[in-house]
Student: 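Right, I'll just put the structure down here and ask away after.
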Amino acid sequence: MYSQPYQPEIIEKKWQQIWDESHAFEAKSDYAKPKYYCLIEFPYPSGAGLHVGHPRSNTALDIIARKRRMEGYNVLYPIGWDAFGLPTENYAIQHHVHPAKVTRENIDHFRRQLKRIGFSFDYSREVDTTDPNCYRWTQWIFLKLFEHGLAYKAEMPINWCTSCKVGLANEEVVDGVCERCGSEVVRKVKNQWMLRITQYAQKLLDGLDTVDFIDRVKAQQRNWIGRSEGAEVDFAIEGSDTTLRVFTTRPDTLFGATYMVISPEHPLLHQMKDRIPNMDQLSAYQAEAARKSDFERTELVHEKTGVAIDGVQAINPVTGQAIPIWVSDYVLMSYGTGAIMAVPGHDTRDWEFARAFNLPIVEVVAGGNIDEAAHTDIEEGILVNSGFLNGLHVTEAKEKMTKWLEEKGLGERKVNYKLRDWVFSRQRYWGEPIPIVHCPQCGAVPLKESDLPLLLPEVEHYQTTESGESPLAAISDWVNVPCPACGGPAKRETDTMPQWAGSSWYFLRYCDPHNDQAFASQQALDYWLPVDWYNGGMEHTTLHLLYSRFWHLFLHDIGQVKAPEPYQKRTSHGMILGENGEKMSKSRGNVINPDDMIDEIGADAFRMYEMFMGAFDQAIPWNTNGARGCRRFLDRVWRLQDMVDDKAKGLSSDLAVNVNSTIKKVTEDYERMKFNTAIAALMTLVNDYTAKGSITRDEFKALLLLLSPVSPHICEEIWQQQGYGDPVWGQPWPQYDESKLVGDQVEIAVQINGKVRGKLMVPSALDKLEGERTLPDSLAVRQLVGDRSVVKTIYVPGRLLNLVVK
RNA sequence: GCCGGUGUGGCGGAAUGGCAGACGCAUGGGACUUAAAAUCCCCCGCCUCACAAGGGCGUGCCGGUUCGAGUCCGGCCACCGGCACCA
């Protein structure tokens with residue numbers, strides 16, 4: 001009997017120390033070797049520590065990273081800290097400590113927790129976004145964006161979180177409330193730094209065709225970018241030189257445009273105010289619309305309100321008829337031109353509005369009943385009541401109308417995107433300072449590159465001021481500086497960058513993290529990029545993933561990186577839910593702490609359960625008993641040491657098929673992220689070994705190599721104790737013998753009319769034709785058929801025989 | 001409303017158009033033990049049947065294709081995620 005019990009708490013510490021001291025997982029700067037870059041989203045080092053969601057992503061790519069090393073690749077699997085951000089700052093305010101100190105402590109805590117799980121990260125390349133040597137380059141990229149006209153300052157209504165006291169990007173507002181804290185978001189006009197991500201809308205869309213992202217990620221990005229094709233059309237305003245421009249995706253329905261609607265913020269109102277008799281009424285409506293918070297706007301859907309503009313009419317360019325212009329908040333200033341042509345016959349919103357205010361409804365595409373509802377299902381319709389378009393299919397009509405508009409100079413083809421520019425300023429302390437000086441003479445002046453990094457100054461209070469200004473605004477000797485251009489008195493920008501800044505390029509820094517001449521050397525970037533495999537959460541699909549692709553496309557355009565797209569492959573893991581099937585949260589009291597689990601079952605079993613619990617891309621409830629089952633499995637693996645027969649050589653004949661097919665299955669399943677079935681196959685193999693009662697050294701060895709990416713510590717320990725030689729992490733990945741995947745004989749099912757009626761042993765080499773010729777004559781099959789006659793015979797080699805009988 | 005995804009035992013789940021329920025969890029039974037824990041073994045979808053054998057039914061619902069459908073096609077339903085007065 002093997003006397004020593006399995007003690008993960010001892011062997012895991014032991015091997016973690018050995019990995020550390022031997023620099024086992026540091027990426028080599030050997031640019032001749034084939035490389036593989038595995039990336040997980042770097043964590044935000046919160047005070048709460050690691051939760052069980054982090055290890056799901058980390059273990060998955062740790063398996064890939066460890067497998068790639070065994071396959072001979074130079075692997076980069078880095079880790080870092082997305083350490084700027086509000087929770088740390090709020091904690092610092094509350095407890096009167098410096099956020100940098102809080103950050104340092106949290107990082108140390110996170111690193112300890114991660115090391116305890118045995119991830120093969122290259123800790124020598126840690127990136128910390130709050131380190132001036134790092135954010136210096138974040139500022140540098142900002143200067144480049146500014147230099148290329150992609151960063152600009154604008155007075156504009158922004159989403160203002162009333163609790164965080166900070167402006168938010170559109171992407172950070174969810175259901176009208178702050179994504180982070182859930183508080184009400186109101187619109188507030190502020191002077192904000194913006195990034196022109198809209199200029200990259202088409203490139204962000206096109207790039208998706210060149211990369212290997214899972215479909216739902218691509219779909220969500222496309223959806224968010226929201227491209228739509230159509231035309232812009234000018235409507236003349238009666239009795240003036242002005243025209244009112246609209247965007248429409250359905251130029252073919254122009255004959256059905258019976259009125260127009262402009263958004264309450266549309267400049268036309270102000271422009272025409274002298275000839276509008278009911279301006280008071282309109283101003284009141286404008287004020288009403290402005291008061292509505294985003295929350296109210298999303299809640300109060302479908303109840304159409306509006307006011308007609310008296311004394312001003314537009315001319316429908318195809319019918320020549322004068323049509324009224326209305327103001328309504330169902331038309332958004334931020335999309336298209338802020339004005340629409342209303343086609344109530346074929347648009348639900350226009351139909352409701354027309355009904356509410358008694359406006360004419362005209363059918364221009366046949367097939368519906370416009371007295372009952374708008375006829376919107378018109379992709380295949382035929383035009384009616386439409387002059388020169390009558391009788392045409394909508395597709396032809398669209399084309400003909402667009403050409404007609406272009407010829408007459410009344411409009412043009414146009415593509416619109418839902419994507420908005422990115423609000424980039426935050427009125428907060430704990431972020432990268434924006435390296436700009438505002439000079440009354442020269443305007444916004446960038447710092448010189450040689451003056452970077454612009455350090456965050458020490459302040460007394462980290463709180464946003466009551467007027468909504470950054471805490472940096474209160475430090476007058478930091479704020480007041482000479483203008484870098486003219487030397488006159490000027491003031492620094494006091495807003496800081498959002499947390500998304502650092503995460504938009506951190507993966508580039510990993511390539512060469514200690515470089516102080518550039519964000520990374522050209523050679524390192526050329527070698528390591530693109531990231532070969534990036535795994536992360538679905539919640540980052542429209543934020544981080546889009547932003548970082550944008551920055552990378554930009555860096556590509558200015559010649560800093562070779563490839564346009566940063567990530568070759570993107571996968572996403574499913575969320576881990578609490579044991580009750582609900583989302584894990586402190587308030588629900590269903591949070592599982594990784595440290596507690598590791599104390600109980602060890603890191604190897606914990607890692608295994610994270611991968612075994614279910615399909616990797618699905619949300620799965622945690623089950624502590626299931627995790628204990630993984631520990632029991634590792635106990636069985638440990639006890640296999642009692643069964644090793646030192647004298648037996650190679651693979652025993654009755655296990656050769658099991659071992660070879662397991663190697664094949666596990667190898668393929670790891671690549672497809674089917675970790676649960678790979679582990680199930682390993683369990684089956686161990687069951688086979690146990691049932692046999694004795695195994696050869698080679699049989700044990702194959703198991704350890706296959707299991708090592710999932711549960712590395714126990715494999716290293718057994719490997720060493722069994723005297724297999726150099727550590728597992730440097731061993732070649734096991735290969736299978738194609739000729740040993742099936743035995744000489746296989747059991748097949750015998751079906752009569754598609755129903756299983758018996759089993760039969762047949763030679764596995766038997767082919768389809770030969771099987772169909774010979775098998776029906778065998779005794780067992782003849783008994784099943786009885787005196788019925790066989791009409792048809794189908795033999796699927798190695799699977800089944802189906803006889804159709806009458 | 002639009003775009004994705006998912007529906008299979010008590011539970012998590014498995015199944016290139018080919019034996020539905022692998023693997024694990026839970027439950028029950030047994031062995032070992034003075035006892036317990038640990039470990040090992042067995043059973044474990046529903047119905048029929050005294051039992052066994054045997055048979056029937058079964059992958060959200062309705063239809064279709066096929067020798068054969070959880071898988072493919074058509075039409076629904078439910079749930080989850082994302083987007084949404086986006087013209």
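The sequence lines fix the lettering, A, B, ..., with proteins before strands; numbering per chain opens at 1.
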Student: Rounded to the Å, how far apart are A:Asn802 CG and B:G17 C1'?
Tutor: 13 Å
Student: So if I take every side-chain heavy atom of A:Trp224 and compare against B:C83, B:G24, B:C25, which nucleotide ends up nearest?
Tutor: B:C83
Student: Taking the six-membered ring of A:Tyr330 as reference, does the cationic atom of A:Lys304 (NZ for Lys, CZ for Arg) lie under 6.0 Å from its centre and within 45° of its axis?
Tutor: yes
Student: In terms of side-chain heavy atoms of A:Thr677, which of B:C67, B:C40, B:A14 is nearest?
Tutor: B:A14
Student: Can you tell me if the side-chain N/O atoms of A:Arg757 get under 4.0 Å from OP1 or OP2 in B:C19?
Tutor: no
Student: Flag the pair A:Phe675 / A:Phe612 as yes when their ring centroid distance falls below 6.0 Å, and as no otherwise.
Tutor: no
Student: Does B:G74 sit syn or anti, given that only angles within 90° of 0 count as syn?
Tutor: anti
Student: By the 4.0 Å heavy-atom rule, please label A:Lys414 as base, sugar-phosphate, or nothing.
Tutor: nothing
Student: Please check: side-chain N/O of A:Tyr670 versus main-chain N/O of A:Leu706, any donor-acceptor pairing under 3.5 Å?
Tutor: yes
Student: Map A:Met683 and A:Thr249 onto RNA chain B by nearest heavy atom, then report which one ends up closer to the 5' terminus.
Tutor: A:Met683
Student: Is A:Thr541 close enough to B:G82 that one of its side-chain N or O atoms is under 4.0 Å from OP1 or OP2 there?
Tutor: no
Student: What's A:Arg799 touching, base or sugar-phosphate or nothing? Going by heavy atoms closer than 4.0 Å.
Tutor: base
Student: What is the distance from atom CG of A:Leu766 to atom CD1 of A:Ile748, rounded to the nearest 0.5 Å?
Tutor: 8.0 Å
Student: Using OP1 and OP2 only, check whether a side-chain N or O of A:Lys218 sits under 4.0 Å from B:G5.
Tutor: no
Student: What contact category does A:Phe612 fall into here, base, sugar-phosphate, or nothing, at under 4.0 angstrom with non-hydrogen atoms?
Tutor: base
Student: Do side-chain atoms of A:His346 reach the backbone of A:Val364 as a donor and acceptor pair under 3.5 angstrom?
Tutor: yes
Student: Name the nucleic acid region contacted by A:Asn223, choosing base, sugar-phosphate or nothing; use a 4.0 angstrom heavy-atom cut-off, strictly under.
Tutor: base
Student: Map every base of RNA chain B to its dot-bracket character, where paired means a Watson-Crick or G-U wobble contact with both distances under 3.5 Å and | marks a partner outside the strand.
Tutor: (((((((..(((.....[....)))..((((.......))))..((((.....))))..(((((..]....))))))))))))....
Student: Grab the N/O contacts between the protein and nucleotides 70-73 of chain B below 3.5 Å, and write none if there aren't any.
Tutor:
none

